[in-house]
Asker: 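Quick one: structure below, then a few questions.
Residue numbers count from 1 along this sequence.
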Amino acid sequence: RQYQRRVHGVFYTGPIDAWFNYEAGRLGYRTLDFKKEVHTGDYQGCAVMNYGDEDVQYTRISEHKYFAPWESHKNTIVFKEYSRKCDESDIPYYPIRMVEKKKK
């Protein structure tokens, strides 16, 4: 906020409630936990695959060798993303819509 007077625009990427110093309270957020796995060969055939099925515990898998397809690697590294409720000490990734209405 200290830079607002010196610049013509601001591109803020943090939590919107933090920008306003939590004047209206904290918003509900989800955070992510990442699990790294190393595999031989190919794991999923693409850089990112999203999983929306309720039976699957993780929400996304990223296979990093596909971000640089001009390189060739025998092994592959994947990260599985697990979503959960965000505590104050966590990094907030996604705001939760209508938290108060969902509690009812």
Asker: Can you give me every donor-acceptor pair (side chain of residues 11-18, partner residue at least two apart or in another chain, under 3.5 Å) with its distance?
Answerer:
unit_1: Tyr12; atom_1: OH; unit_2: Pro15; atom_2: O; d: 3.2
unit_1: Asp17; atom_1: OD1; unit_2: Tyr29; atom_2: OH; d: 3.0
unit_1: Asp17; atom_1: OD2; unit_2: Leu27; atom_2: N; d: 2.8

Asker: With sequence neighbours left out, write down each residue that passes side-chain contact (heavy atoms from CB on, under 4.5 Å) with His39, or none if nothing qualifies.
Answerer: Glu37, Tyr43, Thr76, Val78
Asker: Quick one: side-chain contact (heavy atoms from CB on, under 4.5 Å) partners of Gln57, sequence neighbours excluded?
Answerer: Tyr82
Asker: Please name the pair of heavy atoms, one in Asp90 and one in Cys86, separated by the smallest distance, quoted to 0.1 Å.
Answerer: CB-SG, 3.6 Å
Asker: Compare every heavy atom of Arg60 with every heavy atom of Tyr51, then report the nearest pair and how far apart it is.
Answerer: CD1-CA, 4.2 Å
Asker: Please confirm whether the backbone N or O of Glu71 pairs with a side-chain atom of Lys65, one donor and one acceptor, at under 3.5 Å?
Answerer: no
Asker: Given a cutoff of under 4.5 Å between side-chain heavy atoms of I, L, V, M, F, W and Y, with clusters grown through shared members, what are the other residues clustered with Phe79?
Answerer: Leu32, Phe34, Val38, Ile77, Ile91, Tyr93, Tyr94
Asker: Salt bridge (Lys or Arg N to Asp or Glu O under 4.0 Å): which pairs involve residues 25-34, sequence neighbours left out?
Answerer: Arg26-Glu88, Asp33-Arg84
Asker: Counting distance only, does the side-chain N/O of Asp53 pair as donor-acceptor with the main-chain N or O of Asp55 below 3.5 Å?
Answerer: yes
Asker: My understanding is that only residues two or more places apart in sequence, or in another chain, count here; which of them pass side-chain contact (heavy atoms from CB on, under 4.5 Å) with Tyr66?
Answerer: Asp42, Ala47, Glu63
Asker: Please report the interatomic distance NZ(Lys36) to OG(Ser62), rounded to the nearest 0.5 Å.
Answerer: 13.5 Å
